[in-house]
There are 2 protein chains.
Amino acid sequence: MTVEPLSSLDRSTLRERSLAALRSAITSGGYRPGDHLGEVELASHLGVSRGTVREALRHLQQEGLVTAGNRGMLRVNRLSATEVRELFKVRAALEGLAVTEIINSPRRQEAADTLRHALQDLGSGDFADRVEADLGFHLLLCRLAGNSMLVEAWRALEGRIRVTIMNGDAEGSPVMMAGDRHAPIIDAIESGELATALSVVEEHMAAAADHFAAADDAV
Amino acid sequence: MTVEPLSSLDRSTLRERSLAALRSAITSGGYRPGDHLGEVELASHLGVSRGTVREALRHLQQEGLVTAGNRGMLRVNRLSATEVRELFKVRAALEGLAVTEIINSPRRQEAADTLRHALQDLGSGDFADRVEADLGFHLLLCRLAGNSMLVEAWRALEGRIRVTIMNGDAEGSPVMMAGDRHAPIIDAIESGELATALSVVEEHMAAAADHFAAADDAV
DNA sequence: AGGGTGATGACTGTCGACAACCGTCACCAT
DNA sequence: ATGGTGACGGTTGTCGACAGTCATCACCCT
């Protein structure tokens with residue numbers, strides 16, 4: 001009963017709304033890693049047909065939030081400590097490209113301002129809000145690079161990033177996402193020092209990897 | 001009539017086989033960019049239900065091979081010249097990470113040997129075979145890095161890479177995929193010179209980007 | 001008691017049908 | 001001739017039902 005019926009009045013399709021509802025339910029911890037996601041149960045909870053939730057589940061599977069268990073049954077995915085470290089290494093590579101592109105762009109200063117503005121959302125709200133702000137910041141970083149394929153690649157990992165962060169402990173994570181951690185990235189972009197910016201991003205990701213990989217092992 | 005009925009005797013699900021058939025039909029040029037992919041027509045050609053091809057199409061949409069047109073109708077995607085350049089920049093970042101990981105690994109020599117062995121497939125067969133060998137080489141590069149998330153990220157772009165290459169001219173592309181182009185990557189890995197390896201990969205991708213972006217504009 | 005075995009239940013895989021939507025086009029009134 | 005309008009065809013969105021499959025478990029035979 002952790003997924004709520006669709007009741008919004010928007011004009012998007014039931015499939016899209018079911019997808020969003022399921023994704024939200026999983027990343028917000030409504031379902032724990034390893035939980036079995038039955039099509040019939042979800043369908044009845046969401047108030048839609050099985051085929052509709054089926055498509056949504058397949059989408060989530062491609063996003064990496066859900067993984068196939070025995071006999072095609074789907075379970076909520078959980079990344080191992082190793083995978084978490086791998087994930088953040090890839091993020092470092094992608095976001096390293098992002099800062100490279102931004103620094104080499106003539107709109108560098110404008111981008112830095114936009115990022116600094118986005119930093120303000122990082123300090124307020126509850127845990128989920130901060131996670132949202134953190135992911136929003138990094139996604140914005142990719143967007144400002146002006147490389148649509150980079151955004152696509154980042155989004156392909158977004159689901160996995162989300163579950164990893166949300167599964168982390170809610171006590172230690174805030175410090176992980178504090179503005180202090182992100183400000184150096186902006187500073188480096190602003191000053192145009194590419195090498196510094198790259199190492200800052202690298203370090204940011206390495207620290208996050210250690211943090212979440214440790215939390216992952218504990219469970 | 002460019003997609004053929006499923007007649008294989010394997011035990012995979014109809015959805016998986018339809019997915020493979022559609023992907024193959026698109027990447028092999030059976031459908032041209034912009035072509036409308038009607039669910040009913042594909043279903044009848046493949047000999048399966050609409051719901052089944054529907055799931056396959058959604059999968060392909062997430063892969064980027066297919067894009068949504070008006071009223072939810074799906075068309076074969078085509079990347080613009082700009083997107084092609086963006087795509088290869090992301091590849092450079094990802095495969096740059098791959099060579100970094102390989103060089104820092106104790107199994108560096110073994111990886112180099114494996115790669116060199118894979119190079120042999122690059123010089124034979126028809127155009128499609130060579131494309132397959134080329135993509136196989138680069139995927140292998142990512143795999144040898146031992147980073148599963150890197151492989152995931154690369155695969156997320158694989159479809160777009162495929163259509164881009166297959167849409168290129170079959171005359172100029174072989175030289176693009178010649179063994180000479182890839183051997184320097186292996187040499188750099190073998191010698192352990194990280195900086196050299198990175199610049200080689202960067203250059204490899206930049207050359208490919210120019211090549212395919214130009215071909216893209218011509219159409 | 002132990003091991004094979006058949007019923008059972010809960011899933012997913014797949015299908016065909018209905019409904020809603022939108023573009024198109026012929027047709028009519030002005 | 002032109003603008004509006006209504007029917008029509010094609011396409012996707014969504015649904016409910018049937019069939020196949022696998023794990024579980026009680027049960028029977030030895």
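In the text below, chain A, chain B and the rest are named by the order of the sequence lines, each starting its count at 1. Bear in mind the structure is a predicted one, so any value in this text is a computation, not a measurement.
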query = Just how far, in rounded Å, is P of D:dT12 from CD of A:E16?
reply = 15 Å
request  = Starting at atom CZ of B:R17, determine the distance to atom C1' of C:dT14, rounded to an integer number of angstrom.
outcome  = 12 Å
Most 5' of B:R71 and A:R15 on DNA chain D, judged by nearest nucleotide = B:R71
ask   = Between B:D35 (side chain) and B:R32 (backbone), is there a donor-acceptor pair under 3.5 Å?
value = yes
inquiry  = Heavy atoms from C-beta onward define the side chain here; which of D:dC15, C:dT14, D:dG13 lies closest to that of B:T52?
reply    = C:dT14
key: Close side-chain approach of B:N147 and A:R85, heavy atoms under 4.5 Å   = no
remark   = B:E39 CD to C:dG16 P, in whole Å, measures 15 Å
key: Check: B:Q62 and A:H59 side chains under 4.5 Å, non-hydrogen atoms   = yes
ask   = What nucleotide, of C:dG16, D:dT12, C:dT12, holds the atom closest to the side chain of B:M73?
value = D:dT12
remark   = Paired with A:L57, the side chain to side chain contact (heavy atoms under 4.5 Å, CB included) test is passed by just one of A:L22, A:T52, A:L19, namely A:L22
request  = Measure from the side chain of B:L14, starting at C-beta and using heavy atoms only, and say which of C:dC11, C:dC15, C:dG13 lies closest.
outcome  = C:dC15
inquiry  = Checking side-chain polar atoms at under 3.5 Å, does A:H182 have a donor or acceptor matched by the opposite partner on A:H138?
reply    = yes
query = Taking atom P of C:dC11 as reference, at what distance in whole Å does atom CZ of A:R75 sit?
reply = 16 Å
task = Nearest whole angstrom, please: distance from the P of C:dA10 to the CG of A:N70.
result = 19 Å
task = Select base, sugar-phosphate, or nothing to describe what B:G38 touches, counting heavy atoms under 4.0 Å on all strands.
result = sugar-phosphate
ask   = Between atom CD in A:E55 and atom C1' in D:dG13, what is the gap in whole Å?
value = 9 Å
inquiry  = Checking contacts here: which listed nucleotide (C:dC11, D:dG13, C:dT14) is nearest the side-chain heavy atoms of B:R54?
reply    = D:dG13
A:S49 or B:H36, whichever maps to the more 5' nucleotide of DNA chain D = B:H36
Listed nucleotide nearest any side-chain atom of B:R50, set D:dG16, C:dT12, D:dT12 = D:dT12
task = Assign B:L37 to base, sugar-phosphate, or nothing according to its heavy-atom contacts below 4.0 angstrom with the strands shown.
result = sugar-phosphate
query = Given atom CG of A:L19 and atom P of D:dG13, what is their separation to the nearest angstrom?
reply = 14 Å
